[in-house]
Colleague: 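Okay, handing you the structure first.
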Amino acid sequence: MTLIEPLIIEIPASTRGYPIWVGDSLLTNAGELLQSVLPSASRLLVVCDAHTQPLFYERLQLSLQNAGFRVFCHVVGLGESVKCLSNVETLYGAAHAAGLNRQDAMLALGGGVVGDLTGFAAATYYRGVGFIQVPTTLLAQVDSSVGGKVGVNLKDVKNAIGAFYQPLAVISDRAVLAHLPRRELLAGLAEIVKYALIEQTAFADSRSVSPTLWDSLEQGASAWLSQLPALVQRCCEIKQAVVRRDERESLSDASGRMSLNLGHTFAHAYEALAGYGTLLHGEAVALGLMDAVRVSLAQGLLLRESATRIQRLLQALELVYPKPPEATEAAMLSVMRRDKKATASAIRLILPTDPLGVVTVSTVDHIPGRIFQAGPLDPLDPLS
């Protein structure tokens with residue numbers, strides 16, 4: 001078979017790197033790919049949800065069985081509420097029933113929810129079994145499947161319980177994206193915009209980013225769908241650069257993993273207040289990006305021209321959403337102060353700066369209420 005050369009994630013703090021395959025027909029060839037990754041494994045537990053199981057499981061199962069693996073399946077529910085400790089315990093039971101040992105592995109066949117849940121279970125079952133990511137959403141392919149952050153939610157605090165646990169491999173089959181509703185594709189596109197806004201910071205050591213991801217999006221906003229393989233690959237390269245520098249978020253400045261949270265402090269609050277499942281994660285990220293733009297503009301970190309370019313790109317990419325009515329100033333601040341990155345008395349934000357592609361960390365004890373009231377398309381006024 002002919003496959004694209006995998007991008008190898010190398011993490012100096014870890015004992016190994018791992019391949020990311022981005023290409024076509026990868027589900028059909030997954031068993032062959034994983035033989036070298038899992039040389040001692042005999043049993044694989046595939047975790048999927050009610051959407052991915054009927055679409056992709058049979059094809060993946062056949063490929064894995066043809067490669068000599070014994071394959072078991074565990075189906076979880078849909079939505080962010082699946083990421084809870086009770087479902088982790090159920091997944092432990094499925095692994096035990098399948099007879100998994102430390103040489104075996106769990107495969108996450110799904111989006112970010114399935115990947116986070118499965119990864120946390122894999123990290124903690126028998127103190128760690130193999131973990132493979134097979135992302136089936138654009139958002140998971142460009143972001144959540146790479147980098148090793150896994151976990152579950154605690155009430156309204158997203159990913160409050162988790163671990164850093166790198167996968168052994170990531171298999172991103174371009175063909176699965178054809179099954180996604182347009183809304184899901186657009187949600188993933190919001191994360192790609194985030195990566196464009198942190199790219200220069202991610203490659204600060206080399207500055208070898210010409211042409212930039214931002215240029216590609218801005219110049220090809222009407223044709224982004226045809227560019228998906230290249231966009232997925234580039235986002236993985238950017239995340240690789242960030243994770244290599246800071247695998248476990250030990251750096252407190254924007255040079256490390258903190259940069260990946262651009263827009264996310266706002267986004268997690270929107271998701272929680274609207275009720276998980278009402279907003280897709282990428283939709284909340286798009287809202288959060290514009291809030292971050294307004295804060296940056298108010299702090300004098302971003303030129304009005306640059307802020308307007310970000311606003312226009314989000315509009316051109318159809319990433320403009322109404323804010324949930326529950327997201328009042330008081331409610332947003334309450335949730336944001338409980339964010340994992342917050343300090344005892346302040347909220348920590350990642351903000352875009354000039355030139356576009358560079359971000360910084362800003363710790364604030366107050367956010368102007370009008371920023372929460374502003375809609376994504378409202379005029380960009382530093383005092384509004």
Colleague: Given the rule that I, L, V, M, F, W and Y join up when any side-chain heavy atoms are under 4.5 Å apart, are Leu280 and Leu189 in one cluster?
Modeller: no
Colleague: Checking Ser259 side chain against Ile198 main chain: does a donor-acceptor pair fall under 3.5 Å?
Modeller: no
Colleague: Under 3.5 Å, is there a donor-acceptor pair between the Glu271 and Tyr276 side chains?
Modeller: no
Colleague: Fit a plane to each ring of Tyr165 and Phe131, take the angle between them on a 0 to 90° scale, and name the class: parallel (under 30°), tilted (30 to 60°) or perpendicular (over 60°).
Modeller: parallel
Colleague: Can Thr90 and Asn87 be counted as having a side-chain donor-acceptor contact under 3.5 angstrom?
Modeller: no
Colleague: Just do the side chain to side chain contact (heavy atoms under 4.5 Å, CB included) check on Asp143 and Lys194 with the steps written out, would you?
Modeller: CA-CA 10 Å; Asp143 185 62; Lys194 178 202 78 175; 3.2 Å; yes
Colleague: Quiz question: by atom type and distance under 3.5 Å, do the side chains of Thr308 and Arg304 form a donor-acceptor pair?
Modeller: no
Colleague: Rounded to the nearest 0.5 Å, how far apart are CG of Leu109 and CZ of Phe56?
Modeller: 7.5 Å
Colleague: Side chains of Ser362 and Gln299: any donor to acceptor distance under 3.5 Å?
Modeller: yes
Colleague: Using modelled atom types and a 3.5 Å cut-off, is there a donor and acceptor pairing between side-chain atoms of Arg245 and backbone atoms of Ala202?
Modeller: yes
Colleague: Less than 4.0 Å between a side-chain N and a carboxylate O, is that true for Arg370 and Glu329?
Modeller: no
Colleague: Where is the tightest heavy-atom contact between Gly147 and Val243, given as atom of each residue plus distance?
Modeller: CA-CG2, 3.9 Å
Colleague: Test Gln141 against every option in Leu231, Leu177, Val146 by the side-chain contact (heavy atoms from CB on, under 4.5 Å) rule and name the one that passes.
Modeller: Leu177
Colleague: Find the distance between CE (Met106) and CG (Asp104) and round it off to the nearest 0.5 Å.
Modeller: 10.0 Å
Colleague: Do Leu317 and Ile192 have side chains that approach each other closer than 4.5 Å (heavy atoms only, starting at C-beta)?
Modeller: no
Colleague: What's the shortest heavy-atom distance between Leu262 and Ala292, and which atoms?
Modeller: CD1-CB, 4.2 Å
Colleague: Would you mind reporting whether Phe69 and Ser42 have side-chain heavy atoms less than 4.5 Å apart?
Modeller: no
Colleague: Can you find a pair of side-chain heavy atoms, one from Ile347 and one from Thr363, that are under 4.5 Å apart?
Modeller: no
Colleague: So do Leu91 and Leu45 actually touch side chain to side chain, heavy atoms under 4.5 Å?
Modeller: yes
Colleague: Around atom CZ of Arg183, are there more than 12 heavy atoms of other residues, nucleotides or ligands at under 6.0 Å?
Modeller: yes
Colleague: Cluster question for you: counting only ILVMFWY and a side-chain heavy-atom cut-off of under 4.5 Å, with indirect links fine, are Leu168 and Phe164 together?
Modeller: no
Colleague: Is the centre of the His264 ring less than 6.0 Å from the centre of the His281 ring?
Modeller: yes
Colleague: Measure the spacing between CD1 of Ile171 and OG1 of Thr136 and express it to the nearest 0.5 Å.
Modeller: 13.0 Å
Colleague: Can you see whether Asp215 engages Thr212 through a side-chain donor-acceptor pair at a distance of less than 3.5 angstrom?
Modeller: yes
Colleague: Check the pair Asp246, Arg257 against salt bridge (Lys or Arg N to Asp or Glu O under 4.0 Å), reporting the backbone distance first and the verdict last.
Modeller: CA-CA 6 Å; Asp246 182 21; Arg257 289 194 81 138; over 6 Å; no
Colleague: Glu58 and Gln53: side-chain donor and acceptor closer than 3.5 Å?
Modeller: no
Colleague: Please answer: with hydrophobic residues joined when any side-chain heavy atoms are less than 4.5 Å apart, are Leu38 and Leu62 in the same cluster?
Modeller: no
Colleague: Restricting to non-hydrogen atoms, name the atom on Leu60 and the atom on Ala30 that form the minimum distance, rounded to 0.1 Å.
Modeller: CD1-CB, 3.5 Å
Colleague: What about His96 and Tyr125, are their ring centers closer than 6.0 Å?
Modeller: no
Colleague: To check you understand the geometry: which heavy-atom pair defines the closest contact between Pro135 and Val176, and what is its length?
Modeller: O-CG2, 4.1 Å
